[in-house]
Amino acid sequence: MSSDKCAYFNCTNTRRNTSNIIFHPFPSNEERSKIWIINSGIIKLESLSPKKLKKKFVCSSHFEKNAYSNPTDPKSRLNRNAVPNKYISAYTQVDETIITTPKKSRHRRQQFTDEMFEGLTPSPKTLKVMTPNRKYEVSDSCSNIRAPGSLIFENSPSSSIATPTTKSWVSALIDYPSPMPKMRQIKSSKKSALQQELIRIRKLLKRKRSIISALKQKKTNKKQKSNVNDLFKTFNFPSKNSRSLVSMQLLHKNRKPWSANEKKVALSLYYKSPSTYKYMRRTGIVLPAISTVTRWLRSINYSTGFSAKYLEQIRLKVLNMDYNEKKCVLLLDEVSIMKTLEYNKILDEIEGFEDLGDMGRTEKLGSHALVIMVRGLYKNWKLPLSYFFTGSGVKGDTLVEIIKNCVKKIVDIGLLPTCILCDQGTQNRRMFSLLGASQNNPSTEICGKKLFLIYDMPHLIKSLRNNLLSGDFKIGNKVVSINYIKKTYEIDSQSKTARAMTKITPTHLSPNPFQKMSCKLAIQLLSNSVSAAIKTCVATGQLKSNTALHTSEFINVINNMFDSANSKNLYDRNPNRRPLSPKNSIVFDNLKKAQALFKEAVKVCHKTKKISTPPCFIGIIWTTTAILELYEQEKVDMQIYRPNKDNFLMTNRLTQDILENLFSVIRQKNGYNRNPTARTFRCCFGHICTYSLMKCLTTCCNNCESDDDEFITVEVLKDVPVENLILSENGELSNENYVHETTDSDNSSKSNEGIYDVDLSLETCSITYFSGYLAKKCFDKFNCANCNLIKPNEHLADKKELLIIHKVFDYVQQSQGLKAPSDELTQIVTICLNIFKNTFPKIKSSKQILKQLLHKAERQINNHFLVLQNSCKDHYEFILQLLFRTRIYKECKWINANLGKEVIKMQPNCEYLKINK
């Protein structure tokens with residue numbers, strides 16, 4: 001019996017089917033509980049434990065009104081001594097004798113009279129039956145023990161005087177009352193047969209009606225189809241595409257395969273505008289689902305070489321491009337793969353051998369994958385084109401055939417190639433030579449198209465750094481040496497408070513063979529921060545050398561050249577990173593200056609003292625010449641397409657960044673795998689090709705406006721307000737706004753020679769620079785003139801401000817950029833840095849590091865200054881929090897850089913560290 005149902009005999013009230021009835025649990029009092037059990041008519045409840053009995057309920061319909069504290073309200077509280085009404089069965093009220101005949105009689109029913117019952121004993125009005133005592137059968141030793149809690153009724157009749165009929169009656173009433181089972185009605189066989197026949201006839205009628213409805217619908221569809229077929233025969237459609245589009249709306253049904261021309265129409269619409277395609281489907285126009293289109297593209301066999309089906313899809317995409325969108329750059333590079341063999345049951349071939357597509361396969365195991373990619377020169381789109389598996393790198397002769405075939409393929413599908421871009425590998429240099437290009441004429445002609453051959457600038461910077469590690473560069477009478485950078489790093493690393501070369505680690509100065517392949521480390525080493533640190537060390541007298549400034553000037557030239565060859569935005573606060581255009585003459589100057597510098601440069605090897613010209617020197621001259629000539633050719637070509645408009649060129653589109661990103665995606669397939677297998681490479685390449693086809697063209701970073709399809713000319717820059725602010729990195733100790741900093745070495749090197757101070761050092765200059773950085777951050781956030789954070793004069797005249805002077809860009813005016821911090825702020829920063837130096841090593845493994853540092857700093861500052869008690873208290877608290885957070889962040893970064901590595905120790909007696917004075 002469930003707890004949500006009334007426990008009273010034959011009561012059907014539950015909590016679900018009643019709303020105005022209250023359910024009362026059985027009382028915990030044992031005596032009252034027994035009375036409730038007797039009155040409820042369920043004697044079996046007496047065998048339940050008190051815990052289970054507490055879960056049983058009696059509804060309020062079995063209580064009198066006076067059993068409640070408020071008789072008028074049945075939902076009021078039940079009286080303490082209230083008990084339910086006693087159950088009365090129909091068997092206890094026998095008032096008359098009912099006589100029934102066992103069989104039906106057709107004769108008239110006999111009328112009974114009083115004379116018929118003469119001599120019979122009349123039946124009692126009320127029959128009272130007392131149940132006998134409940135006893136357990138136990139052994140002789142336990143004969144006097146009865147079950148606890150048993151119900152014993154007084155004056156129970158003795159079994160010795162009861163008749164056999166009474167015994168059987170009493171025995172049946174021991175469990176009284178109990179529900180009487182309902183007798184199942186027995187249906188006659190005739191009636192059952194008729195019901196079965198009725199059910200069968202109804203089912204048959206339903207089937208016949210369904211068949212009739214289907215035939216009527218088929219007749220209607222056949223009539224409509226005949227009308228549609230007549231329409232297609234008689235109507236003259238303007239094109240096959242329009243006919244296919246109408247047939248999709250009228251004739252296509254679910255799960256019916258799409259025809260080849262319908263697929264072509266759907267793909268063309270999607271390539272033109274994915275958003276329009278989705279809108280057409282939402283408005284009820286019948287078109288294949290996006291998932292169906294994706295499945296079609298994935299079914300293409302993206303094997304080695306050039307896939308005809310894939311090129312056809314690119315051709316459909318190119319049909320929707322404008323003339324300037326079709327201008328593209330061809331890129332190629334290799335990535336290492338794992339040497340392993342895997343059987344492909346679908347292609348029925350073993351993958352992992354050298355495979356050059358149409359040029360055949362060999363028994364060599366493939367160790368590299370050559371990938372060819374195409375990207376827009378003016379528009380932001382990119383598409384993988386093909387790939388090849390090679391045993392030990394593609395030879396120059398084979399590479400020439402692949403490139404010529406590739407150029408022919410992309411010209412056939414409607415693209416307009418302008419240049420070929422690759423790194424300066426041996427096979428690539430051989431390919432450029434076989435194509436007839438040279439240092440002075442870095443171009444060739446294939447399929448009637450003049451193509452410029454360009455080396456990737458980040459790879460050239462990397463090669464330049466690697467050559468600088470093994471030898472000095474001699475440029476006329478100037479000497480560029482890595483030793484000055486190492487010596488400056490040693491001076492900076494000895495600083496315990498603030499540092500100037502925040503990004504440089506021992507990895508930059510002594511990379512392992514794998515780290516030598518990192519372009520990022522090379523570009524960070526040849527950056528403006530390193531150049532400014534060298535100049536500051538020379539000015540403070542810590543680096544006493546007359547040739548150290550040559551290294552600083554060389555780094556500035558490389559930095560400016562890289563910025564000019566890596567422009568990404570139409571307008572940049574750094575003029576060195578603006579696109580090639582007639583209005584940005586400084587970009588041309590940077591490229592020409594680097595070109596002239598490397599024409600005179602040679603390398604002197606540290607070990608052999610042999611003088612040579614590294615390939616990267618020739619590569620820089622080659623690349624800068626090719627970039628300048630490409631711009632001039634595009635300017636003439638675009639004058640025909642858009643006359644009276646000045647064209648400009650984003651030089652970042654002439655780098656291999658997109659290929660490196662493609663390789664990263666392939667390596668991360670199914671978890672990070674530096675050397676994927678040939679099968680994994682093929683599968684991932686197919687997915688990337690499908691995604692590239694499905695991705696719509698974006699208009700960001702374009703040379704054209706999207707609304708009127710006209711070129712954004714350099715004329716628009718006349719009205720752009722220029723705010724040459726010097727921005728610093730978020731949370732770092734430098735004042736660098738760009739990834740690779742720039743300064744003009746001829747103008748930014750302020751003359752401080754001969755002015756040396758005993759207390760002046762790179763560390764004190766770094767503290768002053770850091771103070772100026774914190775002051776600028778606070779002023780930008782609160783714009784408060786009462787904080788006394790900077791000096792009133794705008795000129796940087798103090799010797800401790802040398803690092804600020806050397807890091808200031810040429811185009812930044814004196815009224816902008818970092819200002820000289822006040823002496824009070826510099827002293828507060830010095831105190832905090834000393835606290836950090838002494839406290840951080842002790843508490844770095846504990847929690848609430850910042851809170852502990854702030855508490856110590858505030859106590860010590862309050863002893864000397866009152867800045868934390870005036871109205872600008874919040875401003876100084878912001879400075880302290882930013883200071884300690886920055887130091888914690890940088891300290892963790894420096895600790896991580898030195899984990900597992902020996903810190904470079906500079907020894908003056910080592911030959912490779914000798915500095916020429």
Side-chain angles (χ1 to χ4, degrees), residues 268 271-276 311 313-331 373-385 406-421 443 445-454 565-572 578-584 587 626-655 657-658 692-693 695-717:
S268 300
Y271 292 153
K272 182 63 178 177
S273 177
S275 58
T276 303
L311 292 176
Q313 298 303 319
I314 298 178
R315 188 186 68 80
L316 293 177
K317 201 175 183 73
V318 171
L319 290 177
N320 301 312
M321 292 183 179
D322 296 332
Y323 178 77
N324 61 315
E325 289 182 80
K326 296 179 181 180
K327 293 276 187 176
C328 62
V329 179
L330 195 65
L331 306 97
M373 199 169 183
V374 62
R375 72 173 301 177
L377 181 64
Y378 295 105
K379 290 285 186 174
N380 190 22
W381 61 268
K382 56 186 177 181
L383 287 170
L385 204 59
C406 179
V407 172
K408 183 179 182 302
K409 297 285 187 184
I410 63 176
V411 170
D412 291 342
I413 62 178
L415 291 175
L416 303 175
T418 58
C419 58
I420 301 173
L421 182 67
S443 63
E445 186 172 341
I446 302 176
C447 297
K449 301 289 184 181
K450 184 178 181 180
L451 304 177
F452 290 92
L453 310 179
I454 303 175
N566 194 36
S567 58
K568 299 179 181 179
N569 303 314
L570 176 63
Y571 173 76
D572 198 294
R578 293 178 184 173
L580 285 169
S581 69
K583 302 297 181 180
N584 297 329
V587 178
I627 292 175
L628 294 174
E629 292 185 4
L630 173 63
Y631 170 75
E632 295 297 333
Q633 175 178 297
E634 287 298 310
K635 183 171 66 173
V636 174
D637 192 14
M638 287 301 174
Q639 281 293 331
I640 301 174
Y641 177 65
R642 293 294 188 192
N644 302 324
K645 298 291 184 180
D646 289 333
N647 186 41
F648 57 89
L649 179 64
M650 299 290 185
T651 53
N652 176 257
R653 301 192 177 276
L654 305 177
T655 61
D657 293 343
I658 59 169
S692 300
L693 289 173
K695 185 179 179 181
C696 61
L697 295 177
T698 57
T699 57
C700 59
C701 301
N702 292 338
N703 282 5
C704 300
E705 292 180 347
S706 57
D707 52 353
D708 56 1
D709 197 28
E710 292 183 359
F711 279 98
I712 300 177
T713 63
V714 187
E715 300 295 330
V716 301
L717 299 180

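Excluded from the calculations below are hydrogen atoms, water molecules and symmetry mates; all remaining heavy atoms, backbone and side chain alike, are included. Quick note: residue numbers are just sequence positions, from 1.
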Rounded at 0.5 Å granularity, tell me how far [atom1] in [X] sits from [atom2] in [Y].
| X | Y | atom1 | atom2 | result |
| --- | --- | --- | --- | --- |
| L630 | K450 | CG | NZ | 10.0 Å |
| I658 | R375 | CD1 | CZ | 4.5 Å |
| L654 | L377 | CG | CG | 6.5 Å |
| K449 | C419 | NZ | SG | 13.5 Å |
| T651 | N566 | OG1 | CG | 6.0 Å |

Under 4.5 Å between any side-chain heavy atoms of [X] and [Y], yes or no?
| X | Y | value |
| --- | --- | --- |
| T655 | L331 | no |
| S567 | L580 | no |
| K327 | R653 | no |
| L649 | E634 | no |
| K379 | M321 | no |
| I314 | I410 | no |

Is Y631 reaching over with its side chain to a backbone N or O of N647, donor-acceptor style, under 3.5 angstrom? yes
So does Y571 get a backbone contact from the side chain of R578, meaning a donor-acceptor N/O pair under 3.5 Å? no
Identify the heavy atoms of [X] and [Y] that sit nearest to each other, and give their distance.
| X | Y | value |
| --- | --- | --- |
| V587 | P579 | CG2-O, 4.3 Å |
| E325 | N320 | OE2-O, 4.4 Å |
| N324 | Y378 | O-CD1, 3.7 Å |
| M373 | L383 | CG-O, 3.4 Å |
| L330 | C406 | CD1-SG, 3.6 Å |

Steps toward side chain to side chain contact (heavy atoms under 4.5 Å, CB included) verdict (M650, N569): CA-CA 7 Å; M650 299 290 185; N569 303 314; 5.5 Å; no
Can you list the residues that meet the side chain to side chain donor-acceptor pair (under 3.5 Å) rule with [X], with sequence neighbours excluded?
| X | answer |
| --- | --- |
| E629 | none |
| T418 | none |
| K408 | D412 |

I'd like to know if the side chain of D322 pairs up with that of Y641 as donor and acceptor (distance under 3.5 Å, no hydrogens or angles considered). no
Applying the side chain to side chain contact (heavy atoms under 4.5 Å, CB included) test to P417, which of V329, L451, V374 qualifies? L451
